[in-house]
Amino acid sequence: MTAERAAAIFRDELRDIQTAVDQSFGRLLVLQWAIAIAIALWVSPYGWTGTTSHLHVHVWAAVVFGAVIDALPVYLITRRPGWWGTRHAIAVAQIAWSGLLISITGGRIETHFHIFGSLAFLAAYRDNRILATAVAAVGLDHAVRGLMWPESVYGLANPEWWRLFEHTAWVLFEAIVLGLGIRRSRAEMRVTAGREAELEVAARSIAARADELSASNAALEREMKSRSQAEAELRQAQKLEAVGRLASGVAHEINTPVQFVTDSAHFVQQAVTDLARVIGSLQVVQRAVLADAPARDAAIAAVEVAETADLDYVLVRAPKALDRMRDGLDRVATIVRSLKVYAHPDSPTATEVDLAAAIDSTLVIARNEYKYVADVEVDLARLPLVRCYAGDLNQAILNIVVNAAHAIDDAVGGTDRRGKITVRLSRDGDHAVIAIADTGTGIPEAIRDRIFDPFFTTKPVGKGTGQGLAIVRSVIADKHHGSIAVDTGPSGTTFTLRIPIEGPREIEDAA
Amino acid sequence: MTRARMLFVDDEPEVLEAIGDLLRSDRKRWDVRFATSGAEALDALAREPADVVISDMRMPRQDGAQLLAEVRVRFPDVIRIVLSGHADRAALMRAVPIAHQFLAKPCDVDTLRAVLSRACSARALLAQSDVRSIISSLGGLPSPPTMYAELVAIAADASKSDAEVARVVERDPAMTAKLLQVANSPLFGARRAIVSPRQAVGLMGLELLLTVVLGVETFGRFASGVDERSVEALQRSAIACASVAREIAAGYHRGDEAFTGALLRDVGKVVLALAHRGDAATAVDHATVGACLLGLWGLPLPVVEAVAYHHEPGRLVDGDRELVAIVHAADGVCECTDIDLEFLAHAGIADDRVLWNALRDGVSA
């Protein structure tokens, strides 16, 4: 992976260099042509025949051969820069230029330096094969021209036979030196490319990791949002469920007294009618007695009326019926009053509340939940008014009382025994303490850590949403800055709620 | 005339005292007793039987449903009424299998008196010794048919769904076929063919489905004892008459009850056929026998009355005139017999010959 990438980087870089070198050679080749023509114009005549200067055959050679030499490489440079063929053509052309220049300067030994300069320049390709091509071209050029026109190469008509080898050896020597440099340079490039590739891979994996992180972060945020939304919905559902259950319980608590109050009212109404009839018959007797008339028949009739009216029964029962009606109406009134206290409208700030009254009301509201299985004992100390969110606090107390009733039902349901729920309100320094104890089954060891978790429930589907105690914790700990202690065992559970009498520390919160 | 014996059960003594005072004026016809718990009530019944038991639902220890369930087993011919402060659907469904009638607190005095008085009439029906002997001679009775009982129990359980009702029905291919036949009849006006019990529940509603199951099971149950073709004919006629009754009742919002009453109106014929093996010489009519059987099975009182008086509505003393009149009219339409127009007028059911003739044509077609 990294090696491949390194090779690619090396290849690209080399290609960039070689393309750039191609461009440089393009300019050089054209420049050489111009120089060659200029040299041919001014220098050659003297080089060849002494002092006369005229348009020499060399000028034509410079123009024509220069064009021939430049044509292919310049074409390739414009069309295919960076291609391997292009640079080989350039190498051959460059050596040809050396030959041409040497030739038009009359084989000056100094002009041979052009070859060395060209080789050095070609080394910029960092390709040993280019040097090989160049060396071969030099050798071939020397060999051919040395045989055919030795003066154009060596400036001598009869050079020694080894001159060819001497020249070629020097060229080879330089090529070898340059070649070693190229090798080192290529090795360095490879190392750099390798590092670059490693960096790239590292950068890519860092980017990928960053992408992954931001994606999982977004997913987490979504998850948290939907979770908190679901929790809010469930909390609302629990509230509604609690209201629904309460409504049905309260309806029962109200329907029962309404039933017997209505029945009693009918009875009393009938009784009043009957009594009026009895009184009417007695008035007949009264009038007869007052008029000193015989009253016996009227009295007998009155006795009959009284018997029909079931007078003895009515006289005993009617007052009791009236008592019962008053009791029943009191019961309804208490429930309605408690509902009002219990369903204290949610207020954005804490208000001063009589906790004893709040607890009493909540117990009235919850009565239908526990009355079949448990008796309730209350011990409520007189406390100063407590700053709190009454609606939430009442719901917290209700949730615990309902749980207590269920725990007791689990323990005594179906038996003749009854459980007991004890509610105590006391003061501990600057805290109000509400303790709710039941004689139910207790909380199994295994689930004690989880009872306050939202959604945790042991109740069957449809009977509990697992929000009851989660709400208690949220109300007591979060909203009132209070604390909850749970003491549970096989003989029952006690929840102890402590909240500051002065109310939650709102000012500190705001700071 | 002996006084009807009533036993009220409620854990709130005030409720009982108030009812005692209230019904004091009825002391000549009703003997009222009280119990404040299920155990006390069963003791009282064991000492002296009662004709009607009226119980609260929620009570400590044994609740009303448990009490009445036990009463049904130990004293099947006692009329059982629930008077509950919990009037939600769950409480109602729990009461259906064990009570003849459900009353919600607060129940007004007139309604209470009317229900008690009709309970006494129904009790008189159930207590006729000759009818009872015929029914008990069948053996196995008077327990209600098994699938019906199972479905009623499912319906009473709020945690069970319609799908479970459908599953119970599907176990019996014959029942499924019959149910689908009824569901696909023009009566229910299904736009698509009803092909599964699940769809049938959705279309008919649970209560009506229970009725159909009861009808099919009751008729089918005796098929082994009597001529199969006549049972088949009875079943067909029952379904036809039920459809007619539903049509007639549509204007009075009594469709479901009328359907049930008409469907089951001739149940007594099956009982008699089985008991006497076709012997026509009998002192009791099939209407009374059928009503008695349904009463023992705990069907609602209006249905029991409708079955009891579908031939002679004039004999109804206390009860639901409207439903009796509708089922009577439906029976008359289907059997081409005379309809007691005077009773119908009295019951507030219109003399709608046009509709009746159209329905009659539909039946014979």
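Letters A, B, ... are given to chains in the order of the sequence lines, protein chains preceding strands, and every chain is numbered from 1. We use all heavy atoms of the structure for the numbers below, so side chains are in, but hydrogens, waters and symmetry mates are not.
Residues Asn255(A) and Pro106(B) share a closest heavy-atom pair of OD1-CD, 3.5 Å. Nearest heavy-atom pair, Met59(B) versus Tyr372(A), reported as atom, atom and distance to 0.1 Å: C-CD2, 3.6 Å. Between Arg418(A) and Pro60(B), the closest heavy-atom pair is NH1-CB, 4.5 Å.
Residue pairs meeting the side chain to side chain donor-acceptor pair (under 3.5 Å) criterion with at least one member in residues 37-47 of chain B, sequence neighbours excluded: Thr36(B)-Glu40(B).
Both the backbone and the side chain of Arg58(B) come within contact range of chain A, judged by heavy atoms closer than 4.5 Å. Heavy atoms closer than 4.5 Å to chain B are found nowhere in Asp327(A), neither backbone nor side chain. Heavy-atom distances place the side chain of Asp11(B), and not its backbone, under 4.5 Å from chain A. Of the atoms belonging to Lys371(A), it is side-chain heavy atoms, and not backbone ones, that fall under 4.5 Å from chain B. When heavy atoms are compared at a cutoff of 4.5 Å, Val373(A) does not approach chain B at all.
The 12-atom threshold is exceeded at CZ of Arg33(B), counting heavy atoms of other residues, nucleotides or ligands nearer than 6.0 Å.
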Distance-only donor-acceptor pairs under 3.5 Å for side chains of residues 13-24 of chain B, two or more places apart:
| unit_1 | atom_1 | unit_2 | atom_2 | d |
| --- | --- | --- | --- | --- |
| Glu17(B) | OE1 | Arg324(A) | NH1 | 3.1 |
| Asp21(B) | OD1 | Tyr313(A) | OH | 2.7 |
| Asp21(B) | OD1 | Arg317(A) | NE | 3.0 |
| Asp21(B) | OD1 | Arg317(A) | NH2 | 3.4 |
| Asp21(B) | OD2 | Arg324(A) | NH2 | 2.8 |
| Arg24(B) | NE | Asp310(A) | OD2 | 2.1 |
| Arg24(B) | NH2 | Asp310(A) | OD1 | 2.8 |
| Arg24(B) | NH2 | Asp310(A) | OD2 | 2.7 |

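The closest side-chain heavy-atom distance from Leu83(B) to Gln259(A) is below 4.5 Å. Two residues are said to be in side-chain contact when any heavy atoms from C-beta on lie closer than 4.5 Å; Lys105(B) and Thr256(A) meet this criterion.
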